[in-house]
Number of protein chains: 2
Amino acid sequence: MDQRTPLPKPRRSDATRATILQAARQRFAMDGYERATIRAIAADARIDPAMVMRYFESKEKLFSLAVEFDLRLPDLTAVPRDQVGAAMVGHFLDMWEADDTLQVLLRTGVTNDAAAERMRSIFAAQLAPMIVEFTGEPALAPNRAVLVGSQVLGMALCRYILKLPPAVAMSREEIVGWLGPTLQRYLTEKALSSR
Amino acid sequence: MDQRTPLPKPRRSDATRATILQAARQRFAMDGYERATIRAIAADARIDPAMVMRYFESKEKLFSLAVEFDLRLPDLTAVPRDQVGAAMVGHFLDMWEADDTLQVLLRTGVTNDAAAERMRSIFAAQLAPMIVEFTGEPALAPNRAVLVGSQVLGMALCRYILKLPPAVAMSREEIVGWLGPTLQRYLTEKALSSR
DNA sequence: TCGCTTTGTCAACACTCGTTGGCCTACACT
DNA sequence: AGTGTAGGCCAACGAGTGTTGACAAAGCGA
């Protein structure tokens, strides 16, 4: 009989694997790619640095797993058309505060090319298609996606990364109140007000 | 009489000092703080790494000099009141493309605390006061500054750092056309449209 | 000319990094 | 009992880092 073990992967403890991945995400989120050392991640996970290498072959592989992300965008066709801007702001605020994967992406994306590529693919594969579905016009969707993303990323940068005091102090309602109309315009305005 | 020479002799060291500083700015702008090594900077300046230490005592001191920056904000009271938004967008685009100091700040500010503090001080000491002068109301100025900054930084992040293809492809006129009204509202709208 | 400061080079130190291989322990199965 | 194996720890390697001190030219005032 073919006792040949077809087992694709050596069985390893899923629990510690998850622990390491979580610790890695936190470190990457706080320190960025270079300063988040394998040793620090291992210490957080209360484990030997060599274990990190056993579970994930290299720091780079570990990083690419830690940075997997799904925006879980809402279905804009289901919200009143004059509230899509506010809905988007609210959704992104939730995303930023629920998880630290977005912090990882932003902290590392500015210096690490793999993370930057990941962000590019998120824009192209998640945000833009959703806008196509909402507006029905594929041509301008990439531009609208970038506009929306720029405002959302910029505010997240100021509030969660740079921690500019006024940005931190603003309430959720204030942010939605200010940014909502902006996104509303980026999402719905027909074309450039060429003036 | 004052035989004391008031003019310091132009030493040759001033030239190399400037060369080093320029090379440092470029490296910091491209690679961020950690990956921009003293050795790489010295190689760019065609000089020995030890020289960098002699001229600037440490990497940290060199960095804090490389990151000095003046936004050179325009006098908004001199432009037509319905064009302040577009004027600001144009000015920031000029700033981003003329120099790479802003790239240094953004690339390093997300992981290096000194750079983040510098950005905070730029907001508080340059942007906010200028908005106070424009609007005449000191209370909301910090909020307006953060809103303007978030949109401008976000677009710069997408265009110059992450290099999202649609953001790179957009023309200057398109960016001004889309972001101008946004900044216009952030700068002039009386208060939150509480709805 | 001699001396002294400046400008630069070279080699090395002490340290941290990612990564590797060897060894130990626990335990399931026969 | 013995054996195999997976999970984990330890010490070390090689490379790269910021930083330092000794030493060689080069300029310049006397």
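In what follows, chains are A, B, ... by sequence order, proteins preceding strands, each numbered from 1.
Residue pairs that meet the ring pair (Phe, Tyr, Trp, His ring centres under 6.0 Å) test with at least one member in residues 89-148 of chain A, sequence neighbours left out, are W96(A)-Y160(A). Identified under the side-chain hydrogen bond (donor to acceptor under 3.5 Å, both in side chains) test for residues 117-132 of chain A, with sequence neighbours left out: E117(A)-R120(A). Residue pairs satisfying the salt bridge (Lys or Arg N to Asp or Glu O under 4.0 Å) criterion with at least one member in residues 135-154 of chain A, sequence neighbours excluded, are listed as follows: E137(A)-R144(A). Residue pairs that meet the side-chain hydrogen bond (donor to acceptor under 3.5 Å, both in side chains) test with at least one member in residues 65-76 of chain A, sequence neighbours left out, are D75(A)-T77(A).
Among residues two or more places apart in sequence or in another chain, the side-chain hydrogen bond (donor to acceptor under 3.5 Å, both in side chains) test is passed with E133(B) by none. Scanning for side-chain hydrogen bond (donor to acceptor under 3.5 Å, both in side chains) contacts around R54(B) gives an empty result, with sequence neighbours left out. Every residue two or more places apart in sequence or in another chain that forms a side-chain hydrogen bond (donor to acceptor under 3.5 Å, both in side chains) with S150(B) is listed here: Q151(A).
Within the 4.0 Å cut-off from OP1 or OP2 of dG8(D), at least one side-chain nitrogen or oxygen of T16(A) is found.
Taking every heavy atom of both residues into account, L157(B) and L106(A) meet most closely at CD2-CD1, 3.7 Å.
Between R27(B) atom CZ and dG18(D) atom C1' the separation is 16 Å, expressed in whole Å. Rounded to an integer number of Å, the gap from OH of Y55(B) to P of dT19(D) is 18 Å. When rounded to the nearest whole Å, the span between CZ of R17(A) and P of dA6(D) equals 16 Å. Atom P of nucleotide dT6(C) and atom CZ of R54(B) are separated by 10 Å, given to the nearest angstrom. Protein atom CZ of R46(B) is 14 Å distant from nucleotide atom P of dG8(C), rounded to whole Å. As rounded to whole Å, 13 Å separates atom P of dT19(D) from atom CZ of F56(B).
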task = Spell out protein contact along nucleotides 16-21 of chain C as letters: B when the base is contacted, S when just the sugar-phosphate is, - when no protein heavy atom is under 4.0 Å; keep the 5' to 3' order.
result = -BBBBB
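Residues from residues 104-113 of chain B placing a heavy atom under 4.0 Å of any atom in DNA chain D do not occur.
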